[in-house]
Engineer: 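Take a look at this one; I'll ask things after.
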Amino acid sequence: MRFGLLGPISVVNGGVEVDAGPPQQRGVLALLLLNKGRQVSLDQIVNALWCPEAPRSAVVTTRTYISRLRRALADGVEVEITSAGDGYRLAVDPGTVDVTAFRRITAAAREARKRGNAAEASSLLRGALRLWRGPALDGLDGPFFGGRRAWLERLRAAAMEELWTLDIELGHYGEAIAGLTRATAAEPYRERLWELLMWAYERDGRPAEALAAYQRIAHLLDDDLGLSPGPGLRRAHALIDTVSLV
């Protein structure tokens, strides 16, 4: 059995999708999986599903969701929802949960990069990013899941930045430029993305486009936020401008 949180909540058993129920029931499953075998109290589940105001039926409804999930997961090997104190615990092999797999692979990629093996690090990061099927915890609403979604999306963004940095180091300039062009369009105020895009253009022998990218982000920051480019962007601009004059 494999569990997916990096996209819509999914459970796959032997290649067959398991019906994990309606969104709130999937939310219970996601909460149990995110706690990695630790106890999750009834109050925690109720707050995650119904914050800020739970209906009177919340506890009964939660227990119904647990019962249905137990039936849905009954065929899983070493997969069991057990009662623990005033709540529940879900025991699964951590390697079957895509969030855990993603974090393990990205950690391995960082170790490979420390060893000087950029190609291995790049390959590992590409594999980790392929685990994503859409926005994390897609379909789950509320402050709790919104906060966890933001955390997971930050991990994804960091992995993508690392991958584009490696692409530039390895000479894969076209791939880096294509990815960074999409990323800067989606998140136009993230200066690090523009900085990487500038270096990708410069290393690809296109300093004029690198300097034009700087002008675009400088105007965006000034016009929309009343800010100036940060030190990373200014340093990249100064170095590329100097090289372009040689």
Engineer: Rounded to the nearest 0.5 Å, what separation is found between the CG atom of Leu29 and the CG atom of Leu69?
Structural biologist: 5.5 Å
Engineer: Salt bridge check: are Glu195 and Arg190 linked by an N-O gap of less than 4.0 Å?
Structural biologist: no
Engineer: Under 4.5 Å between side-chain heavy atoms, hopping through other hydrophobics if needed: is there a path connecting Phe145 to Trp151?
Structural biologist: yes
Engineer: Any side-chain heavy atom of Trp194 within less than 4.5 Å of one from Leu180?
Structural biologist: no
Engineer: Would you name the heavy atoms of Leu166 and Ala118 that are closest together and state the gap between them?
Structural biologist: CD2-CB, 3.8 Å
Engineer: Shortest non-hydrogen contact from Ala200 to Ile177?
Structural biologist: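 For Ala200 versus Ile177, the nearest heavy atoms are CB-CG1, 3.6 Å.
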Engineer: Quick one: OG1 on Thr184 to CG on Leu197, what's the gap to the nearest 0.5 Å?
Structural biologist: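 Spacing of OG1 (Thr184) from CG (Leu197) equals 5.5 Å.
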Engineer: Using a 4.5 Å cut-off on heavy atoms from C-beta on, say whether the side chain of Thr62 contacts that of Leu42.
Structural biologist: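 Sidechains of Thr62 and Leu42: in contact.
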Engineer: Going through the checks in order, is the side-chain contact (heavy atoms from CB on, under 4.5 Å) test met by Asp98 and Arg133?
Structural biologist: CA-CA 10 Å; Asp98 60 2; Arg133 296 165 290 108; 3.8 Å; yes
Engineer: Walk me through whether Met1 and Val12 qualify under side-chain contact (heavy atoms from CB on, under 4.5 Å).
Structural biologist: CA-CA 6 Å; Met1 215 169 240; Val12 177; over 6 Å; no
Engineer: Of all the heavy-atom pairs spanning Ala48 and Leu31, show the shortest one and how long it is.
Structural biologist: CB-CD2, 4.0 Å
Engineer: Glu169 vs Arg113, test: salt bridge (charged side-chain N to carboxylate O under 4.0 Å, His left out). Steps then yes/no.
Structural biologist: CA-CA 11 Å; Glu169 290 180 13; Arg113 191 177 182 193; 2.7 Å; yes
Engineer: Is the ring pair Phe102/Trp132 parallel, tilted or perpendicular, if the boundaries are 30 and 60 degrees?
Structural biologist: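 Perpendicular: the ring planes of Phe102 and Trp132 meet at over 60°.
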Engineer: Quick check: closest heavy atoms across Ser122 and Leu170, and the distance to 0.1 Å?
Structural biologist: CB-CD1, 3.9 Å
Engineer: Just by distance, do the side chain of Arg149 and the backbone of Leu137 share a donor-acceptor pair under 3.5 Å?
Structural biologist: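 Answer holds: yes.
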Engineer: So, Arg89 side chain and Asn35 main chain: donor-acceptor pair closer than 3.5 Å or not?
Structural biologist: no
Engineer: Would you check if the side chain of Arg26 reaches a backbone N or O of Ile9 as a donor-acceptor pair within less than 3.5 Å?
Structural biologist: yes
Engineer: So, for Ala121 and Ala109, which heavy atoms are closest and what is the spacing to 0.1 Å?
Structural biologist: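 Minimum heavy-atom separation between Ala121 and Ala109: CB-O, 3.4 Å.
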Engineer: Going hydrophobic residue to hydrophobic residue with side-chain gaps under 4.5 angstrom, can you get from Val16 over to Val79?
Structural biologist: no
Engineer: With a 4.5 Å heavy-atom cut-off, do Leu73 and Leu90 have their side chains touching?
Structural biologist: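 They are in contact (side-chain heavy atoms under 4.5 Å apart), so the answer is yes.
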Engineer: Measure from the side-chain N and O atoms of Asp167 to the backbone N and O of His172, and report whether any donor-acceptor pair falls under 3.5 Å.
Structural biologist: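 No: the side chain of Asp167 does not pair with the backbone of His172.
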Engineer: To the nearest 0.5 angstrom, please state how far the OG1 atom of Thr106 sits from the CG atom of Leu124.
Structural biologist: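 So the OG1 of Thr106 and the CG of Leu124 are separated by 9.5 Å.
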Engineer: Are any side-chain N or O atoms of Arg203 and backbone N or O atoms of Tyr173, one a donor and one an acceptor, separated by less than 3.5 Å?
Structural biologist: no
Engineer: Closer than 3.5 angstrom, by distance alone: can the side chain of Asp204 be matched with the main-chain N or O of Arg206 as a donor-acceptor pair?
Structural biologist: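 Flag not set: sc Asp204 to bb Arg206 has no pair under 3.5 Å.
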Engineer: Do side-chain atoms of Thr165 reach the backbone of Glu161 as a donor and acceptor pair under 3.5 angstrom?
Structural biologist: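 Between the backbone of Glu161 and the side chain of Thr165 there is a qualifying donor-acceptor contact (under 3.5 Å).
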Engineer: Within a strict 4.5 Å, meaning less than it, do heavy atoms of the Glu209 and Met198 side chains meet?
Structural biologist: no
Engineer: Can any side-chain N or O of Gln25 pair as donor or acceptor with the backbone N or O of Ala20 at less than 3.5 Å?
Structural biologist: yes
Engineer: Determine whether the side chains of Asp86 and Gln39 contain a donor N or O and an acceptor N or O closer than 3.5 Å.
Structural biologist: yes
Engineer: Return yes when atom CZ of Arg182 has more than 12 non-hydrogen atoms of other residues, nucleotides or ligands closer than 6.0 Å, and no otherwise.
Structural biologist: no
Engineer: Filter on side-chain hydrogen bond (donor to acceptor under 3.5 Å, both in side chains), then keep only pairs touching residues 224-237, sequence neighbours left out; what's left?
Structural biologist: Tyr189-Asp224
Engineer: Distance check, rounded to the nearest 0.5 Å: Ile217 atom CD1 versus Asp222 atom CG?
Structural biologist: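 So the gap between those two atoms works out to 11.0 Å.
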Engineer: Hey, any chance Tyr214 and Leu239 share a hydrophobic cluster, counting ILVMFWY side chains that come within less than 4.5 Å of each other, even indirectly?
Structural biologist: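 Same cluster: Tyr214 reaches Leu239 through Ile, Leu, Val, Met, Phe, Trp or Tyr contacts under 4.5 Å.
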Engineer: Roughly how far apart are Ser83 OG and Arg70 CZ, rounded to 0.5 Å?
Structural biologist: 4.5 Å
Engineer: Which residue, Val40, Val59, Thr61, forms the side chain to side chain contact (heavy atoms under 4.5 Å, CB included) with Ile45?
Structural biologist: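 Answer to the side chain to side chain contact (heavy atoms under 4.5 Å, CB included) test with Ile45 among Val40, Val59, Thr61: Val40.
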Engineer: In this structure, which one of Glu175, Glu162, Glu120 forms a salt bridge (charged side-chain N to carboxylate O under 4.0 Å, His left out) with Arg126?
Structural biologist: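 Only one option passes, and that is Glu175.
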Engineer: Less than 4.5 Å apart, any side-chain heavy atom of Leu49 and any of Tyr65?
Structural biologist: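 Yes, close enough: below the 4.5 Å cut-off.
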Engineer: For residues Pro94 and Arg104, determine if any side-chain heavy atom of one lies less than 4.5 Å from a side-chain heavy atom of the other.
Structural biologist: yes
Engineer: Mind checking whether Val99 and Leu152 have side chains closer than 4.5 Å, heavy atoms only?
Structural biologist: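 Val99 reaches Leu152 side chain to side chain.
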Engineer: Is the shortest heavy-atom distance from the side chain of Tyr88 to the side chain of Leu32 under 4.5 Å?
Structural biologist: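 A side-chain contact under 4.5 Å exists here.
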Engineer: Quick one: closest heavy-atom pair of Ala30 and Leu140, and the distance?
Structural biologist: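 Heavy-atom minimum between the residues: CB-CD1, 3.8 Å.
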Engineer: Look only at the side chain of Thr100 and the backbone of Thr96, and say whether a donor-acceptor pair between them is shorter than 3.5 Å.
Structural biologist: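 No, the answer is negative, given that no donor and acceptor are paired below the 3.5 Å cut-off.
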Engineer: Give a yes or no answer on whether the side chain of Glu191 reaches the backbone of Pro229 with a donor-acceptor pair at less than 3.5 Å.
Structural biologist: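 No: the side chain of Glu191 does not pair with the backbone of Pro229.
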Engineer: Please round to the nearest 0.5 Å and tell me the distance separating atom CG of Leu196 and atom CH2 of Trp164.
Structural biologist: 8.5 Å
Engineer: Can you sort out the partners of Arg71 under salt bridge (Lys or Arg N to Asp or Glu O under 4.0 Å), two or more places apart, ordered by chain and number?
Structural biologist: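 Result, salt bridge (Lys or Arg N to Asp or Glu O under 4.0 Å) vs Arg71: none returned.
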